[in-house]
Structures are given as C-alpha cells and as structure tokens.
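This structure is a prediction, so every number in the text was calculated from the model and none was measured. Both backbone and side-chain heavy atoms feed into the values below; hydrogens, waters and symmetry mates do not.
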Amino acid sequence: MEIEDKIETFNSLLRRRGFIWGPSPEIYGGFAGFYSYGPAGMALKNNVLSLYRRELRAFGFGEVECPTIMPEIVWKASGHLERFIDPVMRCEECNTLYRVDQFLQENLPDLMIDGLSFEQMEDLIKKNNLQCPKCDTLFKEIEEYNLMLKTQVGNNVTAYLRPETATTTYLLFNRLDQDARRQYPIKIFQYGKAYRNEISPRQQVLRMRAFDQLELQLFIGREQEMDFEEFENVKNKKLPLLDWKLQEQNINKPSIISLEQALNEKIIKKPAYGYCLYLGYYLIKILGYPEDVIRFRQHSPNERAHYADDAWDLEINTKQFNWVEICGIHDRTDYDLKRHGDFSKQNFEAFMGSDPKLKEIPQILEIAFGPDRIIYTLLEAAFNVEDGRINLKLPPTLAPNTVAVFPLVRNKENIRNLAMKVHKNLLESRISSFYDESGSIGKRYRRQDELGTPFCITIDYESLENNTVTLRDRDTMDQIRIKIHEVSELIIKKIF
RNA sequence: GCGCUCUUAGUAUAGUGGUAAGAAUCUCGGGUUUCCAACCCGAGGACCCGGGUUCAAUUCCCGGAGGGCGCACCA
C-alpha cells in the first residue's frame with residue numbers, strides 16, 4: 001500500500017491505531033463535540049500527565065481536585081453567568097441565528113451597544129424596525145445562548161457544569177492559605193474536565209464540549225509580583241513573543257527576546273507574570289515540540305476575557321488547523337477573589353507584603369493548559385512519513401509503548417520462548433513492553449513505528465548461542481547487539 | 001445556527017433500482033520465513049439513521065445525525 005505524506009494519512013492513523021475516536025457515541029451516529037481516547041491516545045495522555053505532575057512538584061506546585069458541578073451562585077460570582085450568556089436572535093423565517101450585540105453595533109454604528117441590557121437591546125430592534133438581512137423578516141425577541149451547560153441537582157436546584165477548572169480552585173483559597181501556612185506565592189494546580197456548550201464544535205478534539213484542563217494558579221501579593229525571586233533564574237531565557245502591538249502592524253513573526261528585555265520594553269508588566277510565561281514555555285518544550293512551531297501571542301485589550309488584565313496564548317503551528325492555542329497565561333488580578341469574597345461574604349485579605357499592617361486580596365496568575373490540544377498538536381508534530389514509512393517521532397518517555405519485543409521467526413519454539421521471557425522481564429521492571437509475533441519482522445517494526453515506540457528488541461538465532469538480542473532504534477532503524485541481562489537497565493538509561 | 005457538499009468492512013475506496021456489493025489494506029487460523037509493510041492457503045468484516053416512492057431502495061425523494069468547506073460563534 002502506498003503511504004503518502006498527507007494530513008489524511010495522519011487523520012486515519014489517529015483512528016486506526018487507537019489514539020482518538022469519535023465523535024462519540026459512534027454506534028449511535030455520534031454527538032458533535034464529544035470524543036473518546038483509545039488505548040494508545042490514553043497512554044500518551046497519561047504519560048504527559050505523569051511528566052507534568054513530576055515537573056510541577058519540582059516547581060513547588062500542589063494539586064487539588066474539585067467537583068465539576070457547582071451551584072449557580074459560584075458562576076454569578078465568577079462572572080461566567082453574565083459573560084457566558086450571549087444575546088442572540090433567531091429569524092422566524094429562515095432560522096438564521098444572529099449575535100444581537102454585534103448585529104446592533106453593525107447596524108447602529110453611532111450608538112454604544114456594549115453594556116446594554118437585553119430589554120434595551122430589544123427596544124432598539126423594535127424602534128429601528130431591524131430585520132433579517134437574508135429574508136427581510138422583522139426580528140422579535142432576544143433569546144439567551146448559554147455557553148455553560150445547565151443541570152438540576154437534588155430538588156430542582158439549578159447548577160452548572162464548570163466551564164473552567166480555575167474558578168473551582170479559587171473557592172478553596174482560605175483552605176489553601178491555611179494549608180500553605182501563608183507562604184506566598186501559593187502554587188496550586190488542578191487537572192480535570194470542563195464543559196462548554198459550543199455553538200458549533202469543530203476541528204476534532206480542539207473544540208470539544210467536554211474537555212480537559214490543567215490549570216496552574218499562583219496566589220501572590222502585589223509587591224511580590226514586581227519583585228519575584230524566581231524571576232531572577234529565568235530572566236535571561238528567550239521566548240518567541242508576538243505582542244499585540246506587533247499584531248496591529250500586521251506582523252506575525254514573533255520577536256525572540258529575553259524576559260528581562262520584554263520587561264524593560266514594557267511588553268510585559270510584571271516579573272512574576274514573566275515567570276509564568278517561562279513556566280508555560282518550559283512545560284511545552286519538554287514535550288519535544290520543534291522550536292519553530294511555538295509562539296506566544298498576546299491578546300489585544302478587547303480580546304481578553306472578562307477577568308484578565310493581561311493574556312498571552314502559547315500557540316502551536318499545525319498543518320491542519322494553523323496556529324492553535326494550547327496554553328493561556330492570564331493575569332487575573334484580584335478579580336476572582338474579590339468577587340468570591342463579596343458573594344460569599346468571606347474576607348480573603350491577607351498580609352502579603354513588607355508592610356505588616358497592610359492587608360490585601362491576593363492577585364492570581366494563571367497558566368491554563370488544554371491537554372487535549374496538547375495531545376493533538378503533539379501527535380501532528382510527531383507525525384512523519386519517511387520513504388513510505390510512517391514514523392511517529394514521540395519523545396521516548398511519552399510513547400504509548402516504550403519497547404516492543406519480537407521473536408525473529410515464530411515457528412522456532414526456543415526463539416519464541418526466549419522472546420516471551422525477555423518481554424516478561426521488561427514488564428517485571430515495569431517497562432511498558434509489547435510482545436508481537438504476527439506477520440513478518442518488517443511488518444512488526446512498522447506497526448510500532450506508527451505508535452512511536454522508540455525501541456524494538458528482536459530475539460534471533462544468535463540470541464540462543466550467546467544470550468544477546470538486537471535493539472533497534474525507531475528513527476535510524478539501526479540495530480545494536482546487547483546482552484539480555486542488560487536489557488531493562490539499558491532501556492531505563494536511554495529513556496531517563 | 002445558516003449555505004454548499006459528503007457519508008459503503010477497522011482504514012482508505014469501487015460500484016449498483018433486482019441473484020453472491022468488488023478489489024486493496026486490515027483482523028484471525030494455518031504454512032513459509034536468519035531483520036524492515038515478501039509470499040501461499042483458508043476464514044472474517046460494510047452500504048449512517050428514520051420515513052416516502054416502487055413489485056423491489058445501499059442506490060431516487062424528504063427529514064435527521066455526523067464530517068468537510070465558507071459565514072457566524074469560539075470565556
């Protein structure tokens with residue numbers, strides 16, 4: 001079969017080899033915006049997550065897990081109830097849906113539409129006899145389109161599935177403050193599902209209605225944001241930064257500059273925020289993305305979320321979907337804790353600076369990863385077709401199988417037995433080994449190449465004589481002979 | 001959500017108003033095989049869902065679901 005280096009080949013690989021399936025449930029025709037991971041995809045995701053958990057521990061982060069459903073008051077306080085509900089109107093004739101605020105701004109450019117209530121917007125429509133541009137039907141009433149999924153809990157109590165994990169982390173603030181013994185910044189992350197009722201989910205797992213988030217939070221004082229010890233260690237690191245002023249000039253090539261320079265040129269405001277940019281970059285780099293597919297893109301002031309004072313997206317350049325945001329870094333200020341303090345009647349003020357008399361509400365810096373987007377972009381970046389051979393160049397630590405073991409031929413009992421023994425020994429060392437004896441040896445190598453397995457071990461006739469095996473490298477296809485009793489040790493050494 | 005378009009084994013496809021929907025790859029069993037998708041034998045597996053037209057629908061028509069593209073949307 002001819003293997004072509006095309007995006008279609010990649011898309012079918014995702015399904016064939018059990019990375020991503022869907023939309024789920026496939027046997028019932030599918031439900032847009034919902035996908036499943038197969039064994040290979042899940043192994044990859046878990047490997048990324050274990051790596052991240054190890055790294056975050058080293059960077060001083062603790063992990064929490066909160067419920068995915070929260071009562072209405074939480075989302076009132078967070079601002080999501082207000083901001084995640086869009087005013088829309090539907091043409092009764094042709095059923096086209098319009099975003100009311102944008103429609104009004106276009107048709108009544110002299111008026112200030114931002115901030116008007118639903119009733120005020122409805123009045124404007126009636127007064128101006130606005131009609132559907134497609135079929136000239138008059139508009140009637142405004143409906144709500146709620147980007148949050150609503151549900152009922154217990155005796156008809158309204159609740160919402162969380163549209164982000166971050167808010168649920170903030171609700172723990174006074175617990176965390178005690179737990180951390182008031183040492184700032186408090187570094188916490190949460191991994192889990194979030195839900196958004198996207199109008200039209202597309203682009204596979206890049207815009208799902210149920211998706212994973214991995215969100216890191218720094219609770220930090222105003223003084224510490226500007227004088228941040230850990231910034232000193234990273235200030236010379238160079239990052240590809242595309243600030244919004246560059247974008248305004250239609251420049252889309254990022255400047256590769258050090259964080260210190262970015263701070264001096266006022267591209268970023270706070271050292272602690274610069275540290276967050278670095279941390280986001282570091283965690284993405286260790287997954288093995290090539291340098292030139294990564295950039296940071298700053299949000300323009302009107303693109304920012306309701307809670308953000310500054311926001312940069314870490315984006316990956318993909319073949320299929322161009323630049324894709326896989327991580328967002330937000331300066332959320334004291335917005336969240338202020339609001340939750342007000343709504344819950346709690347006092348979240350703490351002594352955080354050098355003045356022992358001055359209490360303040362902590363600032364929050366957030367680094368939000370979309371693990372599903374990481375998995376997709378990582379797979380796409382790893383996908384290669386080399387001389388008709390699919391080679392998924394995943395970093396060895398992340399590959400679903402670390403090693404595969406084959407008997408050179410399957411009809412020689414002693415070769416088979418030795419191969420199975422080698423495989424079993426690897427498993428006993430808790431190395432994820434895969435045993436395969438079906439088909440020709442070449443076919444077995446290719447199967448593993450498609451899964452990104454970095455090493456293949458083959459037991460041949462020589463193995464029977466001198467207890468050695470061949471170790472084949474995925475990328476070079478070169479083989480070396482090694483002693484059987486050194487296999488596990490060597491694999492571990494090559495991987496870590 | 002609107003418009004256009006598409007939907008056949010796991011994957012990528014051929015084809016048809018009427019016997020057994022065809023080949024590839026794939027999977028399983030067997031044979032062969034001293035290192036990169038080799039070969040031989042045998043087997044398995046599909047017309048997205050619902051309704052209509054018709055003696056007969058996978059095929060034509062309508063609706064739905066899902067995918068792609070464009071528009072809108074994307075904290």
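The residue among A:D478 and A:R15 whose nearest nucleotide of RNA chain B lies closer to the 5′ end is A:R15. Comparing A:G33 and A:F84 by the nucleotide of RNA chain B that holds the closest heavy atom to each, the one mapping nearer the 5' end is A:G33.
The phosphate of B:C36 has neither OP1 nor OP2 within less than 4.0 Å of any side-chain N or O from A:Y445. Of the side-chain N and O atoms in A:R446, one or more sit less than 4.0 angstrom from OP1 or OP2 of B:A37. A close approach under 4.0 Å does occur between a side-chain nitrogen or oxygen of A:K443 and OP1 or OP2 of B:C26. Residue A:S440 has a polar side-chain atom (N or O) positioned under 4.0 Å from OP1 or OP2 of B:A38.
The distance from atom CD1 of A:I390 to atom P of B:U25 is 16 Å, rounded to the nearest whole Å. Taking atom CZ of A:R410 as the reference point, atom C1' of B:C39 lies 14 Å away to the nearest angstrom. Between the OH atom of A:Y28 and the P atom of B:G50 there is a distance of 13 Å, given to the nearest Å. In this structure, the CZ atom of A:F19 is 20 Å from the P atom of B:G10, given to the nearest Å. Here the P atom of nucleotide B:G66 and the CH2 atom of A:W21 are 21 Å apart, to the nearest Å. Distance, A:R474 CZ to B:C36 P: 20 Å, rounded to whole Å. Atom CE of A:M208 and atom P of B:G67 are 13 Å apart (whole Å). Between A:Y35 atom OH and B:G66 atom P the separation is 10 Å, expressed in whole Å.
If you check every strand for non-hydrogen atoms under 4.0 Å, A:E26 touches nothing. Within 4.0 Å (heavy atoms only), A:P23 reaches sugar-phosphate atoms of the nucleic acid but no base atom. A:Q320 comes within 4.0 angstrom of nothing in the nucleic acid, heavy atoms only. In this structure, A:L408 reaches the bases: a heavy-atom distance under 4.0 Å links it to at least one base atom across the strands shown. Residue-level contact check: A:T470 touches the bases, meaning some heavy atom is under 4.0 Å from a base atom. The residue A:R444 sits apart from the nucleic acid: no heavy atom pair falls under 4.0 Å. Across all strands, A:N411 comes closer than 4.0 Å to base atoms (heavy-atom distances). Nucleic acid contact class of A:S12 (heavy atoms, under 4.0 Å, all strands): sugar-phosphate only.
Searching all strands for a Watson-Crick or G-U wobble partner of B:C35 with both distances below 3.5 Å returns nothing. Both distances falling under 3.5 Å, in either a Watson-Crick or a G-U wobble arrangement, place B:C26 opposite B:G44. For B:C71, the paired nucleotide is B:G1, the pair qualifying as Watson-Crick or G-U wobble because both relevant distances are below 3.5 Å. Under the Watson-Crick or G-U wobble criterion, with both distances below 3.5 Å, B:C60 is paired with B:G52. Judged by Watson-Crick or G-U wobble contacts below 3.5 Å, the nucleotide B:U16 has no partner. Summarising the base pairing, B:U7 is matched to B:A65 through a Watson-Crick or G-U wobble pair whose two defining distances lie under 3.5 Å.
Counting only N and O atoms by type, the side chains of A:R481 and A:T468 include a donor and acceptor under 3.5 Å apart.
Rounded to the nearest Å, the gap between the C1' atom of B:G44 and that of B:A9 is 10 Å. Separating the C1' atom of B:A37 from that of B:G1 is a span of 45 Å, rounded to the nearest Å. Spacing of P atoms, B:G10 relative to B:C48, comes out at 12 Å, to the nearest Å. For the P atoms, the distance linking B:G31 with B:C69 amounts to 48 Å, nearest Å. Nucleotides B:U11 and B:A23, compared at atom C1', are 15 Å apart to the nearest Å. Here, B:U32 and B:A38 have their C1' atoms 11 Å apart, quoted to the whole Å. Nucleotides B:A14 and B:G51 are separated by 29 Å at their C1' atoms, to the nearest Å. Remark: the separation of the P atoms in B:C41 and B:C49 is 35 Å, to the nearest Å.
Taking the six-membered ring where the residue is Trp, A:H423 and A:Y435 present tilted rings, their angle falling between 30° and 60°.
The cationic atom of A:R472 (NZ for Lys, CZ for Arg) lies less than 6.0 Å from the six-membered ring centre of A:Y445 and within 45° of the ring axis. Because its NZ or CZ atom is both nearer than 6.0 Å to the ring centre of A:W323 and within 45° of the ring axis, A:R295 counts as a cation-pi partner of that residue.
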Candidate pair A:D331 and A:Q363, rule side chain to side chain donor-acceptor pair (under 3.5 Å), full reasoning: CA-CA 8 Å; A:D331 181 348; A:Q363 306 290 306; over 6 Å; no
Decide side-chain contact (heavy atoms from CB on, under 4.5 Å) for A:R162 and A:I69; before the verdict, give the C-alpha distance in whole Å, the side-chain angles of both, and the deciding distance to 0.1 Å. CA-CA 6 Å; A:R162 61 182 180 190; A:I69 296 178; over 6 Å; no
Are A:E462 and A:N466 close enough, and set up right, to give a side chain to side chain donor-acceptor pair (under 3.5 Å), and what steps lead you there? CA-CA 6 Å; A:E462 201 183 323; A:N466 60 10; 3.2 Å; yes
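Looking at the side chain of A:M477, the nearest of the listed nucleotides B:A37, B:C36, B:U34 is B:C36. For A:D460, whose side chain is taken as the heavy atoms from C-beta onward, the closest listed nucleotide among B:G10, B:G1, B:C35 is B:C35. Nearest nucleotide to the side chain of A:R202, out of B:C71, B:C28, B:U11: B:C71.
Counting distance only, with no hydrogens placed and no angle test, the side-chain atoms of A:Q479 and the base atoms of B:C35 include a donor-acceptor pair under 3.5 Å. In the interface, the side chain of A:T9 is not paired with the base of B:A12 through any donor and acceptor atom under 3.5 Å apart. With hydrogens and angles ignored, a donor-acceptor pair under 3.5 angstrom links the side chain of A:R472 to the base of B:C36.
Residue A:E26 qualifies as enclosed at atom CD: its count of foreign heavy atoms under 6.0 Å is above 12. Under a cut-off of 6.0 angstrom, the local environment of NZ in A:K193 is crowded, with over 12 non-hydrogen atoms contributed by other residues, nucleotides or ligands.
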